[in-house]
Each structure stands twice: as C-alpha cells, then as structure tokens.
Asks: 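The following block contains the structure, expressed as structure tokens.
Everything quoted here is computed from the prediction, not taken from an experiment. As the structure lists them, so they are numbered: ligands from 1, and atoms in each ligand from 1.
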Amino acid sequence: MSKKKPLSQGQRRRMRANQEKRLQRKDTENATVELQDSSLGPEQLGTVISRFGQHADVETESGELVRCNIRRNIQSLVTGDKVIVRQATETSATIAGVVEAVHPRHSSLSRPDLYDGIKIIAANIDQILIVSSVVPSFTTQIIDRYLVAAEDTGIAPVIILNKIDLLSDEEAPQVEAALKRYQAIGYSVYQVSSKSGEGVEAIKALLKDKVSVFVGQSGVGKSSLINALLPEAELITGDVSETSGLGQHTTTTAKLLHFPSGGDLVDSPGVREFALWHLPAERVGWCFIEFRDYLGTCKFRDCKHKNDPGCAITQAFEEGKISQDRYNNYHRIIDSLDEQRHARHFRNDTD
Ligand SMILES: Nc1nc2c(ncn2[C@@H]2O[C@H](COP(=O)(O)OP(=O)(O)OP(=O)(O)O)[C@@H](O)[C@H]2O)c(=O)[nH]1
Ligand SMILES: [Zn+2]
C-alpha cells in the first residue's frame, strides 16, 4: 500500500491559490451567464455619447440612448467610439445594455496623462475647427501651434476666424493676407461673427455629416459660436449635469451632441484644451504641411533648418516657397519645445 506523503507548506499554498483562481473564474463566468440570462436583445450598432467609469451612454442606430455596462475585455472606450451593443429586453433598470465590442477607430484625440502617459479622450473625429479671434489680437503663432497639434493626429484642421465684427479697417489687410497664406498651402478658412451671425451658415455647411471638435484659446468665442450653432446645447461647463433623464453624473468627460443642421460635435473642457505638447522636432517639421516636400533633402540628417549649411527648408524659404511667418513660427515652436524639455529635465533632477 502506498502511503501519501503529507503536503509541504509550499504545495498547500499553491493548491489553495489554484482553488481560489478557479473560484474567481467561476464567478466571472456566472456574471456573464447572469447578463445573458437577463435576456439581452440582438446586437446593434451604436455610438458612445459619453463614457464615465464603468459605464457608457450609447446611442443606438435607432436613436435610443442606453446606459450600458462595458465588457471587461474592452481595454479602451471613449466618446465617439462605434460599438456593438445589446439592450436588455426588460429595461426598468438604469443600466439597460452592454457594450460588447468596439470597432477600430479612424482617428483619436489624446492628451498627456500623469499616470498613463497618454490618455485618449475622443475617437472618430473628422475635423478639428481651430477657432481664433481678432480680439484681443490676431496672431498666427497660436494658429500654427494648433495646426501642428492637429496635423499630428491626422485629423483635418480648419481655421475659423471669429469676431470679424470687431475687425478694423486698419487691421483687415494684414489679417486677410495671413488667411490667404493659409489657403495657399491648402487650409480652409472661415470668417464668422457669432455675435452678428455673419458666416454662421457657412459653418453649418462645414459641419454637416461630420464629427467636429472646436479648439482654441480661452476667450476666442468657442462657447458663443457653439451656442449660435446649437441653441439648445447644455454647454459643457465641467459641472454635474443631467443626461436625458438617465441620472446625474459629471460631464467632464467628452460628450457627443447633434447639431440641428446636421453633423455632430464632441465637446469637453479637455477637448477644448487640446494643444501641442511634446513632439519630436522632426514631427513638428512634418506637421508644417508645406515643409513636407523638402524634408529629408537637407544636407545633414539632424538639420535644425535654421543656419545649417545645405538646408532645403531654409532654401525654400529664401526662394519664397515657404512664408516668413510660417518659417518663424516653426522655429518658435521648436524653441519652446526645447524650453519645455529643459524645464522637465530640471524638475526630474530635483525629484
Ligand atoms: N464682438 C464679438 N464678441 C464675441 C463674439 N463671439 C464671442 N464674443 C465675446 O467674446 C467673449 C468670449 O466668448 P466665449 O464664447 O466665452 O469664448 P470661449 O472661447 O468659449 O472662452 P472659454 O470658455 O474661456 O474657452 C464673450 O464676452 C463673448 O460675448 C463675436 O463674434 N463678436
Ligand atoms: Zn534643414
């Protein structure tokens, strides 16, 4: 008769751990079964209207807004995502559906995040509307920074100059010339006044059939412009607000809204603050779209495109193929990125 050897402490521990794992697995299996048992309907296509914690508000193809649980295997889910949902057939509970899967994104907006490195804040955006204003002063520096940030995402940027009711005859020629330079390199430019309504119809046409975000510095008139286009919008303020009777939650998360004249808006304080953060210098050059033809043809691979011998960018600038303004703004951006990097370096040193 063979006598079983008593288990060692280590073996006991391992066995116990395995049992616990098995039980946990059963738990999750049960949870899934429970959801299936609560009679979920067929799969439908939907769009994430907003995401908060473990839940998402999804608009189904039939236009219904459904608060959903999110399947655990879904790694990332943000406003604008196209999803497959199943709705509970008996919908007395607040949570009335499940997000089963996410379709691949054609674009995403992200911002730096203290913990994760990069945090995606919205998906499937078609165009970034860069709002600038003639007041307090018109400046291409800011526009170019936003253009670079937009080009980096691969989402098409459009330039909107707001408050044209305040444009003086004195300033007008200089502003017009700057806008023409943007058109010459391929950007669309719109001039509006959210106050007088001038140009607003053209913006409505621009928004149709697209998902747009408005970005720009504080005070340029983003809220005013959105109000002119979306009169019934509960504009995003970062306060707690209600979403279609589905209960209270904080809407600092991006939210998708429909324009009555067609097209969608994705908005949040975070989206509006979308800006240039750290990009490698080569990437900044590529984001100046008229530089692309010349990139890679400079004499030195690490060319700074400044006083370097054999620089194709500087040559193009000298030949008038790149404007003085854009050339200067490129160097301003590169210099400011260098400063940021130094500041970060210094902070890290003192940690
Ligand atoms: N004259 C004039 N004033 C405008 C126009 N659009 C906005 N304003 C004014 O500009 C100021 C700033 O407008 P907001 O819409 O709050 O600007 P914002 O870009 O949303 O600003 P933040 O909320 O700080 O990001 C307000 O006093 C508006 O009334 C315009 O077309 N013409
Ligand atoms: Zn160069």
Side-chain angles (χ1 to χ4, degrees), residues 111 128-139 142-143 145-146 159-168 171-172 175 189-204 212-231 233-239 241 251-252 254-255 257 265-275 280-288 290-319 321-322 326-331 333-335:
R111 65 173 170 77
I128 295 175
L129 308 189
I130 300 168
V131 185
S132 61
S133 161
V134 298
V135 169
S137 68
F138 174 80
T139 157
I142 309 288
I143 294 176
R145 294 189 78 94
Y146 278 107
I159 299 164
I160 297 183
L161 179 66
N162 187 32
K163 307 194 193 183
I164 52 163
D165 56 299
L166 298 178
L167 184 61
S168 68
E171 283 174 300
V175 171
V189 175
Y190 289 76
Q191 298 190 47
V192 294
S193 166
S194 48
K195 196 171 184 189
S196 74
E198 192 183 343
V200 170
E201 285 307 311
I203 301 290
K204 285 183 181 170
S212 307
V213 294
F214 285 77
V215 303
Q217 281 195 308
S218 177
V220 293
K222 297 178 297 294
S223 303
S224 310
L225 192 52
I226 292 169
N227 268 327
L229 298 157
L230 198 66
E234 332 145 27
L235 278 183
I236 285 121
T237 58
D239 298 341
S241 71
T251 50
T252 44
K255 190 171 166 189
L257 301 151
L265 166 74
V266 168
D267 200 23
S268 78
V271 167
R272 291 182 185 194
E273 279 160 19
F274 165 79
E282 313 93 73
R283 186 70 180 163
V284 175
W286 186 85
C287 291
F288 273 74
E290 76 276 38
F291 287 19
R292 287 179 193 171
D293 286 348
Y294 313 105
L295 291 173
T297 61
C298 298
K299 187 170 175 192
F300 297 104
R301 260 193 72 195
D302 61 346
C303 184
K304 299 271 186 291
H305 314 311
K306 214 166 197 171
N307 305 314
D308 316 55
C311 173
I313 299 287
T314 305
Q315 194 188 333
F317 157 63
E318 280 164 357
E319 289 169 1
K321 291 171 184 157
I322 289 171
R326 292 272 289 172
Y327 185 75
N328 290 349
N329 285 344
Y330 166 77
H331 288 297
I333 291 174
I334 295 292
D335 293 347

Asks: Identify the heavy atoms of Lys204 and Leu229 that sit nearest to each other, and give their distance.
Replies: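 Taking every non-hydrogen atom into account, CG-CD2, 3.7 Å.
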
Asks: Before accepting this row, confirm whether a basic side-chain N of the pair Arg326/Glu290 lies closer than 4.0 Å to the acidic partner's carboxylate O.
Replies: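 The answer is yes: the pair qualifies as a salt bridge.
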
Asks: Report yes if some heavy atom in the side chain of Ile164 is under 4.5 Å from a heavy atom in the side chain of Glu198; otherwise report no.
Replies: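 Sidechains of Glu198 and Ile164: in contact.
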
Asks: Mind checking whether Val220 contacts ligand 1 via backbone (N, CA, C, O), side chain (CB onward), both or neither, at a 4.0 Å heavy-atom cut-off?
Replies: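 The answer is both.
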
Asks: Of the choices Lys163, Lys222, Lys195, which has the non-hydrogen atom that lies closest to atom 10 (O) of ligand 1?
Replies: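 Shortest heavy-atom distance from atom 10 (O) of ligand 1: Lys163.
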
Asks: Might you point out which heavy atoms bring Lys222 and Gln217 nearest each other, and give the distance in Å?
Replies: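 Here Lys222 and Gln217 meet closest at NZ-O, 2.8 Å.
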
Asks: Do Thr314 and Asp308 touch side chain to side chain, with heavy atoms closer than 4.5 Å?
Replies: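 A side-chain contact is absent here, since even the closest heavy-atom pair is not under 4.5 Å.
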
Asks: For the residue pair Tyr294 and Lys321, establish whether any side-chain heavy-atom pair is separated by less than 4.5 Å.
Replies: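 The answer is yes, as the side chains (C-beta and beyond) meet within the 4.5 Å cut-off.
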
Asks: I'd like to know if Gly216 contacts ligand 1, where contact means a heavy-atom distance under 4.0 Å to any ligand atom.
Replies: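 No, Gly216 has no heavy atoms under 4.0 Å from ligand 1.
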
Asks: Can you confirm whether something in the protein, heavy atoms only, sits under 4.0 Å from atom 24 (O) of ligand 1?
Replies: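 Given the 4.0 Å cut-off, atom 24 (O) of ligand 1 counts as touching protein heavy atoms.
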
Asks: What do we get for Val192 next to ligand 1 when only non-hydrogen atoms under 4.0 Å count, side chain, backbone, both or neither?
Replies: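 Within the 4.0 Å criterion, Val192 makes no contact with ligand 1.
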
Asks: For atom 2 (C) of ligand 1, is the nearest protein heavy atom under 4.0 Å away?
Replies: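 Within 4.0 Å: yes, protein heavy atom nearby.
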
Asks: What protein N/O/S atoms are there under 2.8 Å from the Zn ion (ligand 2), waters excluded?
Replies: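 Sorted hits: Cys298 SG, Cys303 SG, His305 ND1, Cys311 SG.
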
Asks: Would you name the heavy atoms of Phe317 and Ile322 that are closest together and state the gap between them?
Replies: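 Looking at all heavy atoms of both residues, the closest pair is CD1-O, 3.5 Å.
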
Asks: Tell me the closest heavy-atom pair linking Asn162 and Ser193, and the distance in Å.
Replies: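 Looking at all heavy atoms of both residues, the closest pair is OD1-CA, 3.7 Å.
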
Asks: Does the side chain of Ile313 reach to within under 4.5 Å of the side chain of Tyr330, using non-hydrogen atoms?
Replies: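 In short, these two side chains do not touch, never coming nearer than 4.5 Å.
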
Asks: How about Arg272 and Ser223: does a side-chain donor come under 3.5 Å of a side-chain acceptor?
Replies: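 Short answer, yes.
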
Asks: Only heavy atoms count here, so choose which of Ser194, Ser196, Gly221 is nearest to atom 5 (C) of ligand 1.
Replies: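 Looking at heavy atoms only, Ser194 sits closest to atom 5 (C) of ligand 1.
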
Asks: For atom 7 (C) of ligand 1, what's the nearest protein heavy-atom neighbour? Residue, atom name and distance, please.
Replies: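 The closest one turns out to be Ser224 OG, 3.2 Å.
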
